[in-house]
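One structure is given below, encoded as structure tokens.
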2 protein chains.
Amino acid sequence: MREPQRRSDCPISYALDLFGDKWSLLVMRDILFREKAHYREFLASEERIATNILADRLSRLEAAGLISKTDEEPRSGKQAYVVTRKGQDLIPVLLEMMLWSARYDPHTGAPAVLIAELKKDRAKVVRGIRRAGGVEPFLRTL
Amino acid sequence: MREPQRRSDCPISYALDLFGDKWSLLVMRDILFREKAHYREFLASEERIATNILADRLSRLEAAGLISKTDEEPRSGKQAYVVTRKGQDLIPVLLEMMLWSARYDPHTGAPAVLIAELKKDRAKVVRGIRRAGGVEPFLRTL
DNA sequence: CCGGATCCGTTTCGATACTG
DNA sequence: CAGTATCGAAACGGATCCGG
């Protein structure tokens, strides 16, 4: 497993050490907005993460305290990943990133519903995701 | 130069293709919060980016329309990078990321001033950075 | 089946030296 | 000053293998 090393004392570098790669934030998107919980489900994302990379990212995210592993059904060997409070607090970051992408990505349109909701009551949207885990259909496309 | 290729139609993947590495967001931090404009200034950051990586990231960010290069002083060969509107619109993303880092990074304390300002009037803070480019001293530590 | 670990070829990174 | 060139090291990606 890759052990990230801090490169500076600037606060943002803590996030960059964790998320400065192609996959970590995608895993967090899956668990936060798409209710994914099992290894197989992450693997099935359209971005096609490799098995070894996924295993590495899951264990790094767990080591950093953003997710935690639970033995859902010990006899079948089935495990589930759940997001922690620290992980949930990443929701605003992902939302801002998604808003920026939606505005400038020539490839996808901006999800007008979400933008309107955010403008109306930002904190409420964050709370909704935190509780429901992306149950609202428009969130699942992020 | 590395040409990023889109991996999915999910809007957030546009941002991840651009920023899914250790350096791109650091360059944007430098230009947005620390008023850096010249190649050597970026090089001087404490994270010690290599010259070839910096050149690559600058040209990618320029190709993506987040910064643009101007001939500040044509006869001395001195060039300056300036941030575009599209690049400035990344400020909220960086701010959220910094807030999250500050909250959870055991290594740095949270900049209380900024947190208070953001809670009071988020849009005003963003406008301030947009105009002044990190002139406020507390921004330079981000 | 499920959740990985291992192996291995390819891509990217990073440090230093060098150049227009 | 603002980058290239080079080269070893690290990370990635795909395929396959393994233990429960």
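Throughout, a chain's letter reflects where its sequence line sits, starting with A, and its residues are numbered from 1.
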**Any B:R57 side-chain nitrogen or oxygen under 4.0 Å from OP1 or OP2 of C:dC13** = yes
**Residues in salt bridge (charged side-chain N to carboxylate O under 4.0 Å, His left out) contact with A:R48, at least two apart in sequence or another chain** = none
**Asked** For the atom pair CG (B:L94) and CZ (B:F19), what is the distance rounded to the nearest 0.5 Å?
**Response** 8.5 Å
**Asked** By a strict heavy-atom criterion of less than 4.0 Å, which residues belonging to residues 43-53 of chain B are in contact with DNA chain C?
**Response** B:R48, B:A50, B:T51, B:N52, B:I53
**Asked** Between A:K36 (NZ) and C:dC2 (P), how many Å, whole number?
**Response** 15 Å
**Fill in**
Between CD of A:Q79 and P of C:dA5 the distance, given in whole Å, is 10 Å
**Request:** Could you pull out all residues at least two apart from A:A64 that satisfy side chain to side chain contact (heavy atoms under 4.5 Å, CB included)?
**Result:** A:L18, A:L66
**Rounded interatomic separation in angstrom, taking NZ from B:K22 and P from C:dT11** = 20 Å
**Whole angstrom value for the distance that separates C1' of C:dG3 from CG of A:L58** = 10 Å
**Complete:** Between CG of B:L54 and C1' of C:dC13 the distance, given in whole Å, is 14 Å
**Request:** Quick one: list whatever passes salt bridge (charged side-chain N to carboxylate O under 4.0 Å, His left out) with B:R122, sequence neighbours left out.
**Result:** A:E96, B:E96
**Prompt:** Are side-chain heavy atoms of B:L32 and B:I91 found at a separation under 4.5 Å?
**Reply:** yes
**Message:** Test of understanding: with ring pair (Phe, Tyr, Trp, His ring centres under 6.0 Å), list the residues that count as partners of A:Y14, not counting sequence neighbours.
**Reply:** B:W100
**Message:** Can you see if the side chain of A:K69 gets near the phosphate of C:dG4 - specifically, an N or O under 4.0 Å from OP1 or OP2?
**Reply:** yes
**Item:** Nearest-Å distance for atom pair CG/P, residues B:L16 and D:dC12
**Value:** 13 Å
**Asked** Reckon A:W23 has a side-chain N or O less than 4.0 Å from the OP1 or OP2 of D:dG13?
**Response** yes
**Request:** Give me the bend of the helix from C:dC1-D:dG20 to C:dG20-D:dC1, using the axes of the five pairs at each end, rounded to 10°.
**Result:** 30°
**Request:** Could I get the full list of ring pair (Phe, Tyr, Trp, His ring centres under 6.0 Å) partners for A:F42, not counting sequence neighbours?
**Result:** none
**Asked** What is the distance from OH of A:Y39 to P of D:dG20, rounded to the nearest Å?
**Response** 17 Å
**Item:** Residues that A:K119 engages under salt bridge (charged side-chain N to carboxylate O under 4.0 Å, His left out), provided they are two or more places apart
**Value:** none
**Asked** What residues, two or more places apart in sequence or in another chain, satisfy side chain to side chain contact (heavy atoms under 4.5 Å, CB included) together with B:S45?
**Response** B:R29, B:D30, B:K36, B:E47
**Message:** Considering every strand and a 4.0 Å limit on heavy-atom distances, what is the contact class for B:Y81: base, sugar-phosphate, or nothing?
**Reply:** sugar-phosphate
**Item:** Whole-Å gap separating C1' (D:dC1) and CZ (B:R40)
**Value:** 8 Å
